[in-house]
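Have a look at the structure below, then the notes.
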Amino acid sequence: EESVEHCATATATYVAEVRAYRGSGAVGRASFAGTRGTAGGPDSREVGEAIGVGPERDDPEVELAVSMASLVEQGFDEPVLVARSAVINPGEVLTHDVVVGPGCGLVAAVGSDEAMDLDLYLADPTGREIDTDTDTRSHAAGRACSPTASVLRVAVKVYGRDGTYALGVLRAPRGIADVTSLRLAELTAEPRARGYAVQSSAPYELDEGARAGGRTEIAAGRCLVVAAASRGELRDVDLALRSLEGRVLAADSGPAPQATSGWCAPPGAPPRVPVVWEVRAYRGSGGVQVEVMEGPP
């Protein structure tokens with residue numbers, strides 16, 4: 001399921017387009033209009049009841065499996081569940097022990113309600129923090145690599161509302177040897193499943209505030225995906241795609257050590273369309289791997 005929210009500054013007509021990338025079946029669509037920030041207006045749960053679905057999920061274990069399906073298709077192991085329906089209240093912190101290694105693994109948690117804000121903290125046996133995910137959303141993930149089987153401590157915290165969550169560990173394919181490669185595998189799993197192929201892949205070392213970039217070309221009617229991932233020392237990576245004239249085509253400036261952007265050349269464009277990509281170290285310094293992919297719309 002997907003949703004889009006837009007606040008208009010003037011009366012206008014809009015077109016909503018729903019596209020099926022993979023699979024086929026029935027799709028329902030509903031539109032709602034209202035005043036932004038109106039006190040006492042319908043919350044997400046009331047809107048959900050109006051259209052018959054609602055933000056509350058039936059089973060976080062199922063949601064975890066669905067959200068990880070594209071990674072499993074790309075060679076990751078099925079999630080090994082550590083917690084199936086752990087009950088948690090706002091402000092509460094629950095801890096779990098997980099095993100990662102030999103190799104790399106992804107530790108993922110999914111909440112039972114879209115109004116939950118899950119944060120995840122991953123630490124080694126000494127208590128040293130390895131990875132964190134504190135983005136505002138109902139799912140979170142941490143990543144780690146170890147040459148041997150290691151017991152790591154996972155702390156899960158929730159804001160927003162109470163509920164339950166599922167926690168699982170996915171073992172990465174053997175070819176993934178570090179956290180940077182693991183992040184890239186996550187970012188590019190969906191494009192790979194849709195038939196995208198890698199045009200180029202290169203590492204860069206960036207100090208805070210520094211930029212790196214390059215130029216590529218795609219055929220008319222084809223699409224471009226650029227993914228950038230760091231080891232973690234570079235805590236916030238921004239990515240932008242521009243035309244040769246400097247016009248921004250797509251961008252990802254979220255507060256995360258990875259970023260991805262995509263753009264499709266119109267069918268009536270010239271045979272080869274040049275696109276300039278730029279990656280910036282917004283917070284922190286370190287290595288970043290940039291992968292450029294081309295594929296079908």
Side-chain angles (χ1 to χ4, degrees), residues 1 43-45 48 54-72 76-101 103-146 149-172 176 179 182-183 185-187 189 229-233 235-236 254-258 283-284:
E1 69 280 350
D43 62 18
S44 59
R45 187 176 299 280
E56 189 169 351
R57 296 162 174 155
D58 293 331
D59 190 341
E61 178 184 341
V62 174
E63 292 290 336
L64 177 63
V66 170
S67 63
M68 299 293 113
S70 61
L71 291 177
V72 173
F76 282 70
D77 287 355
E78 293 280 352
V80 175
L81 288 172
V82 178
R84 295 178 181 273
S85 295
V87 179
I88 191 168
N89 297 304
E92 186 177 7
V93 179
L94 298 182
T95 60
H96 307 269
D97 289 336
V98 300
V99 177
V100 174
C104 297
L106 175 70
V107 183
V110 175
S112 61
D113 194 298
E114 291 181 6
M116 296 172 70
D117 174 12
L118 280 183
D119 290 350
L120 186 146
Y121 305 84
L122 188 61
D124 66 15
T126 68
R128 180 180 64 89
E129 194 173 88
I130 298 175
D131 196 12
T132 63
D133 187 348
T134 57
D135 203 358
T136 307
R137 57 192 180 190
S138 59
H139 58 91
R143 303 147 194 88
C145 299
S146 175
S150 299
V151 178
L152 306 179
R153 175 60 56 91
V154 181
V156 179
K157 188 172 185 178
V158 70
Y159 299 92
R161 64 168 293 111
D162 61 331
T164 63
Y165 66 87
L167 179 71
V169 182
L170 287 80
R171 184 176 180 178
I176 296 176
V179 171
L182 181 55
R183 292 185 193 276
E186 292 178 68
L187 292 174
S230 70
R231 293 188 295 267
E233 300 91 341
R235 297 181 297 278
D236 188 347
Q258 66 273 337
R283 189 161 57 96

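Just so it is clear, the model here is predicted, and its values are computed rather than measured. Computed from heavy atoms alone, side chains included, the values below leave out hydrogens, waters and symmetry copies.
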Check your understanding: CD of E186 to CD of Q258: how many Å apart, nearest 0.5 Å?
Key -> 7.0 Å
Revision key, fill the gap. Taken to the nearest 0.5 Å, the spacing of E63 CD from E114 CD works out to 8.0 Å
Study note, to complete from the structure: Contacts of Y165 meeting ring-ring contact (aromatic ring centres under 6.0 Å, His included) (sequence neighbours excluded), chain-then-number -> H96
Review point. Got a sec, which pairs hit salt bridge (Lys or Arg N to Asp or Glu O under 4.0 Å) with one end in residues 85-101, sequence neighbours left out?
Key: D97-R153
Check your understanding: Going through the checks in order, is the side-chain contact (heavy atoms from CB on, under 4.5 Å) test met by V179 and R231?
Key -> CA-CA 6 Å; V179 171; R231 293 188 295 267; 5.5 Å; no
Review point. Which heavy atom in L118 sits nearest to a heavy atom in G111, and how many Å separate them?
Key: CD1-N, 3.4 Å
Review point. Do V154 and V156 pass the side-chain contact (heavy atoms from CB on, under 4.5 Å) test, and can you show the C-alpha distance, the side-chain angles, and the key distance before you say yes or no?
Key: CA-CA 7 Å; V154 181; V156 179; 4.1 Å; yes
Check your understanding: Taking side chain as C-beta onward, heavy atoms only, is P90 less than 4.5 Å from D162?
Key -> yes
Practice item. Enter the distance from L81:CG to L167:CG here, rounded to the nearest 0.5 Å. Key: 8.5 Å
Study note, to complete from the structure: Hits for side chain to side chain contact (heavy atoms under 4.5 Å, CB included) against A172, two or more places apart or cross-chain, chain-then-number order -> F76, C104, I176, L182
Practice item. Could you grab the distance from atom CG of L122 to atom CG of D133, nearest 0.5 Å is fine? Key: 11.0 Å
Exercise for review: Compare every heavy atom of A144 with every heavy atom of L152, then report the nearest pair and how far apart it is.
Suggested key: CD1-CB, 3.6 Å
Practice item. Carefully, step by step, assess D77 and V72 under the rule side-chain contact (heavy atoms from CB on, under 4.5 Å). Key: CA-CA 6 Å; D77 287 355; V72 173; over 6 Å; no
Point to revise | CG-CG distance between L106 and L71, expressed to the nearest 0.5 angstrom | key: 6.5 Å
**Study point:** K157 vs V93 side-chain heavy atoms within contact, under 4.5 Å
**Key:** yes
Exercise for review: Please confirm whether the backbone N or O of P257 pairs with a side-chain atom of S230, one donor and one acceptor, at under 3.5 Å?
Suggested key: yes
**Study point:** Atom pair CZ/OG of R161 and S138 - distance to nearest 0.5 Å
**Key:** 12.0 Å
Can you give each donor-acceptor pair under 3.5 Å made by side-chain atoms of residues 82-89, sequence neighbours left out, with the distance rounded to 0.1 Å?
| unit_1 | atom_1 | unit_2 | atom_2 | d |
| --- | --- | --- | --- | --- |
| R84 | NH1 | E61 | OE1 | 3.2 |
| R84 | NH1 | E61 | OE2 | 2.9 |

Study note, to complete from the structure: For D117, the side chain to side chain contact (heavy atoms under 4.5 Å, CB included) test, sequence neighbours excluded, returns D119, T136, Y159
Review point. Closest approach of L120 and G142, non-hydrogen atoms and distance?
Key: CD2-N, 3.7 Å
Practice item. Would you check, one step at a time, whether the test side-chain contact (heavy atoms from CB on, under 4.5 Å) holds for R183 with D131? Key: CA-CA 12 Å; R183 292 185 193 276; D131 196 12; 3.4 Å; yes
Practice item. Go through the structure and list residues passing salt bridge (charged side-chain N to carboxylate O under 4.0 Å, His left out) with R235, not counting sequence neighbours. Key: none
Exercise for review: Compare every heavy atom of V100 with every heavy atom of S146, then report the nearest pair and how far apart it is.
Suggested key: CB-O, 4.0 Å
Review point. Do other residues, nucleotides or ligands put more than 12 heavy atoms under 6.0 Å from the CD atom of E78?
Key: no
